[in-house]
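Remarks on the structure that follows.
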Amino acid sequence: MKTLLLKKDEVRRLIDMTEVIDAVEEAYKAFSSDQVEQPAYIGIHLPSLRGEIDFKLGYYKANEIISMKAHSGGFTSNPAEHGVPNSMGTILLFDARSCALICIMDGSLITGLRTGASGAVSVKALARKNARTIASIGTGNQARMQIRAINEIMKIEEIHAWDNNPETLFKYKTDIESEFGIPVIMANSKKEAVEQADILITTTRGKGSLVEADWVKPGTHIVAIGTDQQGKQELDPEIFRNAKVVVDSIAQCTEKGETWHPLNKNIITRDGIHGEIGEVLLGRKPGRESDDEITIFDSTGMAIQDNTTASKIYQNAIANNVGTFFQFFE
């Protein structure tokens, strides 16, 4: 048995966003169907002026693949000091029947792709059918990825964007308008952007309430992406009081997600969480039930998303004879 090596450019060529959206839907349904073993992920915060690294491990019984991903972020001095990107990812795939390592692939694109796809899956399940306007709080790489994914499943008429860095905000406007032809209005304040939203996306490394409850209009669907560790926060916990709360993983979101904050303040109870997105996709729990409902999708990111996405890339690589095989085991 040989091991396949897939570099970043090869990974990029081997999958498109529609395939990622399908893979993420499969992941959520599998997770809610007892087809997944997924230990709690490990996050390590490195000493100050560096960043963090997360390790996610998952076993998918249906495809007999075990995936292990290491993903780092926030190492802003990396390009200048070490000659490597400020964010990096690596995914290992193991054949669960033998536990042999079958693939090593660059994982830096996969995290962005599957996280973007998760927002699109939630929009399909929870946003109003006539939603057309997006507000983006944060305008970095993941904010762009959310638009790339959501644009595959609905018509976006305009985007209201805010960022605390005016240069980053202007570049986002230029990039999005150039790539998609969607008008981007640069908001003067967070409040100004949020008040326009049919769909609100938050993709920051927030350390406090960036979005206040009284800014959110009835019928808004919120895609909360930025909080995946305790200490991070983007939403006023009061938003949760009268919202339908859907999470990727109850276990993760109640410990490390945005949902932890209203739980900690006794604004909602664990029973106040409507359910996991997989339960909605399987039809076990209803999605949106009225046009006035505020819905929240709290996404912390799961190993099974990496697993299904990376497995599809591996299958495509084999089918198209892409990558380099090497003898890992003697």
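Because only heavy atoms are used, hydrogens play no part in the values below, and waters and symmetry mates are left out as well, while side chains stay in. Starting from 1, each residue takes its place in the sequence as its number.
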Rounded distance [0.5 Å steps], [atom1] in [X] versus [atom2] in [Y]:
{"X": "T3", "Y": "L92", "atom1": "OG1", "atom2": "CG", "value": "10.0 Å"}
{"X": "N165", "Y": "F170", "atom1": "CG", "atom2": "CZ", "value": "13.0 Å"}
{"X": "I42", "Y": "K56", "atom1": "CD1", "atom2": "NZ", "value": "11.0 Å"}
{"X": "T308", "Y": "I110", "atom1": "OG1", "atom2": "CD1", "value": "10.0 Å"}

Closest non-hydrogen atom pair between [X] and [Y], with its separation:
{"X": "I15", "Y": "E19", "value": "CA-OE1, 3.4 Å"}
{"X": "F94", "Y": "C99", "value": "CD2-O, 3.6 Å"}
{"X": "I239", "Y": "V211", "value": "CD1-O, 3.6 Å"}
{"X": "I267", "Y": "P237", "value": "CD1-CB, 3.5 Å"}
{"X": "S122", "Y": "V223", "value": "OG-CG2, 3.7 Å"}
{"X": "S311", "Y": "N63", "value": "OG-ND2, 3.3 Å"}

Do [Y] and [X] meet the salt-bridge criterion of a basic N to acidic O distance under 4.0 Å?
{"X": "E238", "Y": "R241", "value": "yes"}
{"X": "K173", "Y": "E177", "value": "yes"}
{"X": "E25", "Y": "K124", "value": "yes"}
{"X": "K69", "Y": "D306", "value": "yes"}
{"X": "E289", "Y": "K244", "value": "yes"}
{"X": "R148", "Y": "E179", "value": "yes"}
{"X": "E279", "Y": "K285", "value": "yes"}
{"X": "E167", "Y": "K171", "value": "no"}
{"X": "K217", "Y": "D198", "value": "yes"}
{"X": "D9", "Y": "R13", "value": "no"}

Quick check on the hydrophobic clustering: are [X] and [Y] connected, directly or via other members, by side-chain heavy-atom contacts under 4.5 Å?
{"X": "M145", "Y": "L200", "answer": "no"}
{"X": "L235", "Y": "I201", "answer": "no"}
{"X": "I277", "Y": "M302", "answer": "yes"}
{"X": "L6", "Y": "L101", "answer": "no"}
{"X": "I225", "Y": "I296", "answer": "no"}

Between [X] and [Y], does any side-chain donor sit less than 3.5 Å from a side-chain acceptor?
{"X": "T269", "Y": "D271", "result": "no"}
{"X": "T300", "Y": "D248", "result": "yes"}
{"X": "T18", "Y": "D16", "result": "yes"}
{"X": "T133", "Y": "H160", "result": "no"}

Paired with Y59, the side chain to side chain donor-acceptor pair (under 3.5 Å) test is passed by just one of E37, E64, Q38, namely E64
Positive for side chain to side chain donor-acceptor pair (under 3.5 Å) with T204, one of Q233, E234, Q142:
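Exactly one pass, corresponding to E234.
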If you define the side chain from C-beta out and look only at heavy atoms, does anything of [X] sit under 4.5 Å from [Y]?
{"X": "P85", "Y": "N78", "result": "no"}
{"X": "R144", "Y": "I176", "result": "yes"}
{"X": "Q305", "Y": "S118", "result": "yes"}
{"X": "T309", "Y": "N307", "result": "no"}
{"X": "I104", "Y": "F326", "result": "yes"}
{"X": "D106", "Y": "K7", "result": "no"}
{"X": "R132", "Y": "I156", "result": "no"}
{"X": "W162", "Y": "L169", "result": "no"}

Short side-chain to backbone donor-acceptor contact, [X] and [Y], under 3.5 Å:
{"X": "S136", "Y": "T139", "answer": "no"}
{"X": "T220", "Y": "V216", "answer": "no"}
{"X": "H261", "Y": "K232", "answer": "yes"}
{"X": "R288", "Y": "S290", "answer": "yes"}

Around atom CG of D34, are there more than 12 heavy atoms from other residues, nucleotides or ligands closer than 6.0 Å?
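Result for CG/D34: open.
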K61 NZ: over 12 foreign heavy atoms closer than 6.0 Å
yes
Report yes or no: is the cationic atom of K2 (NZ for Lys, CZ for Arg) closer than 6.0 Å to the six-membered ring centre of F325, at no more than 45° off its axis?
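Geometry flag: not set, cation outside 6.0 Å or 45°.
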